[in-house]
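Heads up: numbering here begins at 1 and tracks the sequence.
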Amino acid sequence: MAKSIGIDVGGTNLRIGVFEHHCLLQEIRFQANFSQLCQQNPAPIAWQKIVQTTANAVQEVLMLHPEVDHVGIGFPGFIDPATSTIAQSPNLPGLKNVNLAKDLAAILQKQVVVENDALAAAYGEYCLAGKPEQGLIYLGLGTGLGGGLIYANQPFSGSHGVAMEVGHIIVEPDGRLCGCGNRGCVEQYASASGISLTYFELTQQKRSAYEVAKLAENADRHAIEAYQMAAKYLAQMLASVIKVLDVPNVVIGGGVCEAWHLMQADFKVKFEQDLIPVLRNQIKVSVSGAGDIAGMLGVAMMMER
């Protein structure tokens, strides 16, 4: 049976999974600090480095699995569904109108597909959930906050590739400046970077979201407040999305979910409060049990549809 590669592009690493249908055969991680590359180099140079770093990693994996016939990549950004062009990546500053699928295919001589990372994870969670008829919403809480919608058995990207960019829903008018150029976007409060920023504003101490979680578990009141704020803004945003889409299944994934126990109670209260009455207690919100492989699986499975 043919094998496929699914790649999850993170802020600091590449996670590459080799799949045979929906079964993960091997996962390999590579160091790849794309965020830093974009901050320290002019956009054209940063892009060349991103393409070459990704190509080198894939070529290493292909040496182990030469029978792979296609490569799928989940990439953070606004991706044109017609051309696969990455129009913008708010967390990778400077990148505009670049085509990773085309540039990588030229190097690898393989079919390459690029999809928004959160939409890829949504499709992975959808497959793992048995493809529920009512569809599924996915929220990915990582460095930023992404979203994906599976509806009528299909990933929904919208006309311009920006459907479900829920991280850029404004929850605090004139709030924190976001990488997208607006202010007050929910990912500035309910993501790993947002949680770190809240803690810094409260204490003037720089801590990662992981470190803030450990402090919260040890009853640090400012750390607890940072996670409470994240939970409430996340719930506020999701309640608004549900009012529009009326999808009953929501899966929350990403690294921040390791601290979901610090958010769950405040999230539930605010979420149910903000829903319209007919929807209260009707929406199933669960934390991903996919072991963080949903993005790799989803983008690999998309190519088999």
Show me the side-chain donor-acceptor pairs of residues 93-103 shorter than 3.5 Å, one per line, residues at least two apart or across chains.
{"unit_1": "N99", "atom_1": "OD1", "unit_2": "A101", "atom_2": "N", "d": "3.3"}
{"unit_1": "N99", "atom_1": "OD1", "unit_2": "K102", "atom_2": "N", "d": "2.9"}
{"unit_1": "N99", "atom_1": "ND2", "unit_2": "T83", "atom_2": "O", "d": "3.3"}
{"unit_1": "D103", "atom_1": "OD2", "unit_2": "W47", "atom_2": "NE1", "d": "2.9"}

Could you go through residues 174-190 and list every donor-acceptor pair under 3.5 Å that involves a side-chain atom there, pairing it with any protein atom two or more places apart or in another chain?
{"unit_1": "R176", "atom_1": "NE", "unit_2": "E201", "atom_2": "OE2", "d": "3.4"}
{"unit_1": "R176", "atom_1": "NH1", "unit_2": "Q188", "atom_2": "O", "d": "2.6"}
{"unit_1": "R176", "atom_1": "NH1", "unit_2": "G194", "atom_2": "O", "d": "3.3"}
{"unit_1": "R176", "atom_1": "NH1", "unit_2": "T198", "atom_2": "OG1", "d": "3.1"}
{"unit_1": "R176", "atom_1": "NH2", "unit_2": "T198", "atom_2": "OG1", "d": "2.9"}
{"unit_1": "R176", "atom_1": "NH2", "unit_2": "E201", "atom_2": "OE1", "d": "2.9"}
{"unit_1": "R183", "atom_1": "NH1", "unit_2": "G175", "atom_2": "O", "d": "3.3"}
{"unit_1": "E187", "atom_1": "OE1", "unit_2": "L145", "atom_2": "N", "d": "2.9"}
{"unit_1": "Y189", "atom_1": "OH", "unit_2": "R176", "atom_2": "N", "d": "3.0"}

Contacts table for residues 53-62: side-chain donor-acceptor under 3.5 angstrom, sequence neighbours left out:
{"unit_1": "T53", "atom_1": "OG1", "unit_2": "K49", "atom_2": "O", "d": "2.7"}
{"unit_1": "T54", "atom_1": "OG1", "unit_2": "I50", "atom_2": "O", "d": "2.8"}
{"unit_1": "N56", "atom_1": "OD1", "unit_2": "Q52", "atom_2": "NE2", "d": "2.9"}
{"unit_1": "N56", "atom_1": "ND2", "unit_2": "Q52", "atom_2": "O", "d": "3.3"}

Under 3.5 Å, which donor-acceptor pairs link side chains of residues 23-30 to any protein atom two or more places apart or in another chain?
{"unit_1": "Q26", "atom_1": "OE1", "unit_2": "H65", "atom_2": "NE2", "d": "2.7"}
{"unit_1": "E27", "atom_1": "OE2", "unit_2": "R15", "atom_2": "NE", "d": "3.0"}
{"unit_1": "E27", "atom_1": "OE2", "unit_2": "R15", "atom_2": "NH2", "d": "3.1"}
{"unit_1": "E27", "atom_1": "OE2", "unit_2": "R29", "atom_2": "NE", "d": "3.3"}

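Note that CD of Q88 and CD1 of I79 are 12.0 Å apart. Values are rounded to the nearest 0.5 Å. Distance check: L108 CG to H70 NE2 gives 13.5 Å after rounding to the nearest 0.5 Å. Separation of atoms CG (D246) and CD (Q282) is listed at 9.5 Å; rounding is to 0.5 Å. One distance of note links NE2 of H222 with CD of Q204; it measures 10.5 Å at 0.5 Å rounding. Separation of atoms CD1 (I150) and CE (M164) is listed at 9.5 Å; rounding is to 0.5 Å. Atom OG of S4 and atom CE of M296 lie 11.5 Å apart (nearest 0.5 Å).
Put simply, the side chain of S84 never gets that close to the backbone of D80: no donor and acceptor are under 3.5 Å apart. The backbone N or O of L149 sits nowhere less than 3.5 Å from a side-chain atom of Y123 that would complete a donor-acceptor pair. Between the N116 side chain and the G77 main chain, a donor and an acceptor come within less than 3.5 Å of each other. A donor-acceptor pair under 3.5 Å is formed between the side chain of S193 and the backbone N or O of T143. Side chain of S288 to main chain of A290: a donor-acceptor pair is present (N/O by atom type, distance under 3.5 Å, no hydrogens or angles).
Side-chain contact check for Q273 versus R280: every heavy-atom pair is 4.5 Å or farther apart. At a threshold of 4.5 Å between non-hydrogen side-chain atoms, the residues L119 and Y138 do not count as touching. In this structure the side chain of F271 reaches within 4.5 angstrom of the side chain of L238, judged on heavy atoms. Taking 4.5 Å as the limit, every side-chain heavy atom of D8 sits out of range of all side-chain heavy atoms of L14. M237 has its side chain within reach of L139: a pair of non-hydrogen atoms, C-beta onward, lies under 4.5 Å apart. At a threshold of 4.5 Å between non-hydrogen side-chain atoms, the residues Q264 and F267 do not count as touching. Counting heavy atoms from C-beta on, the side chains of V71 and L104 never come closer than 4.5 Å. Taking the side chain as every heavy atom from C-beta outward, D274 and S240 never approach each other to under 4.5 Å.
A pairwise comparison of heavy atoms in G161 and P81 identifies N-CD, 3.4 Å as the closest pair. In plain terms, the two heavy atoms of A46 and N41 that are nearest each other are N-CB, 3.9 Å. The minimum heavy-atom distance between P66 and K110, with the atom names listed, is O-NZ, 3.7 Å.
Residues V256 and L215 share a single hydrophobic cluster, defined by chaining ILVMFWY side chains whose heavy atoms lie under 4.5 Å apart. M63 and V18 are members of different hydrophobic clusters when ILVMFWY side chains are connected at heavy-atom separations under 4.5 Å. Cluster membership check: L202 does not share its hydrophobic cluster with L197, using side-chain heavy-atom separations under 4.5 Å among Ile, Leu, Val, Met, Phe, Trp and Tyr. Hydrophobic clustering, with ILVMFWY side chains joined whenever heavy atoms are under 4.5 angstrom apart, keeps F19 apart from I16. Under the 4.5 Å side-chain heavy-atom criterion for ILVMFWY residues, no single connected hydrophobic cluster contains both I137 and M302.
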Trace of the side-chain contact (heavy atoms from CB on, under 4.5 Å) decision for I276 with L279: CA-CA 6 Å; I276 56 176; L279 290 173; 3.7 Å; yes
Between I252 and V285, does the side-chain contact (heavy atoms from CB on, under 4.5 Å) criterion hold? Intermediate values first, please. CA-CA 7 Å; I252 300 178; V285 179; 3.7 Å; yes
Step by step, work out the side-chain contact (heavy atoms from CB on, under 4.5 Å) result for N281 and E272. CA-CA 7 Å; N281 299 308; E272 295 296 338; 3.9 Å; yes
What verdict does the side-chain contact (heavy atoms from CB on, under 4.5 Å) test give for I242 and V250, after you've listed the backbone C-alpha separation in whole Å, the side-chain angles of each residue and the deciding distance to 0.1 Å? CA-CA 9 Å; I242 293 295; V250 179; 4.0 Å; yes
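For V162, the side-chain contact (heavy atoms from CB on, under 4.5 Å) criterion is met by F78, H160, E165, not counting sequence neighbours. Looking at residues two or more places apart in sequence or on another chain, you find no salt bridge (charged side-chain N to carboxylate O under 4.0 Å, His left out) involving K232. Taking the side chain to side chain donor-acceptor pair (under 3.5 Å) definition, one finds that N249 meets it with nothing, sequence neighbours left out. With sequence neighbours excluded, the residues forming a side-chain contact (heavy atoms from CB on, under 4.5 Å) with P42 are P44, I45, listed by chain and number. Judged as a side chain to side chain donor-acceptor pair (under 3.5 Å), and not counting sequence neighbours, the contacts of Q205 are R207. For the ring pair (Phe, Tyr, Trp, His ring centres under 6.0 Å) test, no residue two or more places apart in sequence or in another chain qualifies with F75.
The existence of a salt bridge linking K270 and D266 is excluded, since no basic side-chain nitrogen approaches an acidic carboxylate oxygen closer than 4.0 Å. The existence of a salt bridge linking E67 and K3 is confirmed by a sub-4.0 Å separation between a basic side-chain nitrogen and an acidic carboxylate oxygen.
For the side chain to side chain contact (heavy atoms under 4.5 Å, CB included) with L128, the qualifying choice from L297, L136, V251 is L297, the only one to do so.
Sorted pairs that involve residues 131-156 and meet salt bridge (charged side-chain N to carboxylate O under 4.0 Å, His left out), not counting sequence neighbours, are lacking altogether. A salt bridge (charged side-chain N to carboxylate O under 4.0 Å, His left out) check over residues 214-225, counting only residues at least two apart or in different chains, returns the pairs K214-E217.
By the 6.0 Å contact criterion, CZ on F200 is enclosed, its count of non-hydrogen atoms from other residues, nucleotides or ligands being greater than 12. H261 NE2: more than 12 foreign heavy atoms inside a 6.0 Å radius.
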